[in-house]
Amino acid sequence: MDATSRAPLFAITDGRLPVAGRKLLTGPDAAQPLRIGALPGDLAWTPVGTLDGTPAWAAEVTDPESLPGRWRGWRGLAAELPAPHADLAGRALAVVTWRRTHRWCGACRAELADVPGETARRCPDCGLTVFVPLSVAVLTAITRPGPAGAAGELLLVRHAHGPTGLWALVAGFVEAGESLEAAVHREVAEEVGLTLRRPAYVDSQPWALTGPGTLLAGFTAEVTDPAAEPVADGTELTEARWFPVDALPAELPPAYSLSRWLIDAVAARR
């Protein structure tokens, strides 16, 4: 794949992803892909993986307004790009943010140095090695049988923070010493007061919207008591309701999200 065909599709420059804060630089439009010559020659490029076998690099830009093109957030890119491209864009944000915020050793305060061949930094004085931190969150599509002769039902919730107008899934971060399944049970009990049968793992997705280094793990699970009604905790959630899977609301998560994949999978099984 040559640079001309790759840049408009991935919205990067010949395998290179300039980053400023929480945004990445793209071409003005598909007909005008950026070229390497349009970028400063003194950027500190960091390897972030490969795309179709071609190495990709990311660098932080300190003067974003001086460059041509458009600065775009990960949400907009993920809505338009194939998953491998969006995942690599998210990794670029994570790695660049980690390098900016992990310059000094947290144990002895010496300046960290890059570890050759790894996405890691090591203290030259005390040997502390620091890797890109990864936070894991679980999402759960909770179902129950519908009334006799009717389709089953799916529990959807509205969150108190973030896109508050969407009907989404119960979600939460995994705590230290906790399995993914234990996190599912805990989050569901805390947020909607329900108990579940054993959760079934479905899929995972790197996620750059809630911060660098986030991995989503998706599950489906049935409630143990089909007559139980959810009670939103009032802190993380504002509403929680059962919806027939053949009559879901229009205000659902975007199509590129794991949350939507789980919802669509449940609806397809009806």
Side-chain angles (χ1 to χ4, degrees), residues 10-26 36 39-51 54-67 71-75 77-78 84-139 161-162 171-180 182-183 186-187 204-217 236 258:
F10 191 23
I12 65 173
T13 306
D14 194 26
R16 300 174 190 249
L17 298 86
V19 175
R22 298 290 301 152
K23 294 186 176 182
L24 296 102
L25 184 65
T26 76
I36 289 298
L39 300 175
D42 58 352
L43 293 180
W45 295 102
T46 301
V48 292
T50 60
L51 179 67
T54 300
W57 304 74
E60 185 164 32
V61 175
T62 57
D63 187 14
E65 298 305 320
S66 67
L67 300 181
W71 289 98
R72 301 184 61 191
W74 184 81
R75 183 200 295 269
L77 293 176
H85 302 71
D87 293 347
L88 189 55
R91 176 170 170 77
L93 287 173
V95 171
V96 168
T97 301
W98 166 74
R99 287 178 59 82
R100 183 177 67 248
T101 57
H102 289 76
R103 290 185 56 195
W104 310 100
C105 177
C108 72
R109 303 182 184 181
E111 186 170 7
L112 298 173
D114 291 329
V115 178
E118 297 186 53
T119 308
R121 311 196 91 174
R122 182 171 295 138
C123 177
D125 291 350
C126 72
L128 176 71
T129 302
V130 182
F131 297 91
V132 178
L134 180 64
S135 299
V136 181
V138 290
L139 306 173
H161 309 284
F173 284 97
V174 179
E175 296 183 353
E178 191 174 47
S179 70
L180 298 177
R186 176 183 53 77
E187 287 290 343
S204 64
Q205 181 185 29
W207 191 251
L209 196 58
T210 51
T214 300
L215 178 67
L216 306 180
E236 297 290 335
L258 176 60

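Just so you know, these numbers come straight off a predicted model, no measurement behind them.
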List the atom of [X], the atom of [Y], and the distance in Å for their closest heavy-atom pair.
X    : Y    : answer
T129 : A120 : CG2-CB, 4.2 Å
D125 : A110 : OD2-CB, 3.3 Å
A92  : L24  : CB-CD2, 4.2 Å
C108 : C123 : SG-SG, 3.4 Å
L139 : A171 : CD2-CB, 3.0 Å
F131 : E118 : CE2-OE1, 3.6 Å

Can you name the residues that form a salt bridge (Lys or Arg N to Asp or Glu O under 4.0 Å) with [X], not counting sequence neighbours?
X    : value
D114 : R99, R121
R103 : E111
E60  : R100

Next on the checklist: Please check this pair: side chain of W71 against backbone of A20, looking for a donor-acceptor N/O pair closer than 3.5 Å.
Outcome noted: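 No.
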
Item to check | Exam field: side chain R91 to backbone V48, donor-acceptor pair closer than 3.5 Å | outcome: yes

Atom [atom1] in [X], atom [atom2] in [Y]: separation rounded to 0.5 Å?
X    : Y    : atom1 : atom2 : value
L215 : L180 : CG    : CG    : 8.5 Å
R22  : T97  : CZ    : OG1   : 5.0 Å
W57  : L43  : CH2   : CG    : 13.0 Å
L88  : L77  : CG    : CG    : 11.5 Å

Item to check | Residues T119, V95; criterion side-chain contact (heavy atoms from CB on, under 4.5 Å); working and verdict | outcome: CA-CA 8 Å; T119 308; V95 171; 4.2 Å; yes

Checklist entry - W74: what forms a ring-ring contact (aromatic ring centres under 6.0 Å, His included) with it, not counting sequence neighbours? => result W207

Checklist entry - Any side-chain heavy atom of V130 within less than 4.5 Å of one from L112? => result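 They are in side-chain contact.
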
Checklist entry - Under a 4.5 Å cut-off applied to non-hydrogen side-chain atoms, are T46 and V96 in contact? => result no

Sequence-distant partners of [X], side chain to side chain contact (heavy atoms under 4.5 Å, CB included), two or more places apart:
X    : result
T50  : none
A183 : V138, V174, E178, R186
S179 : E181, A182

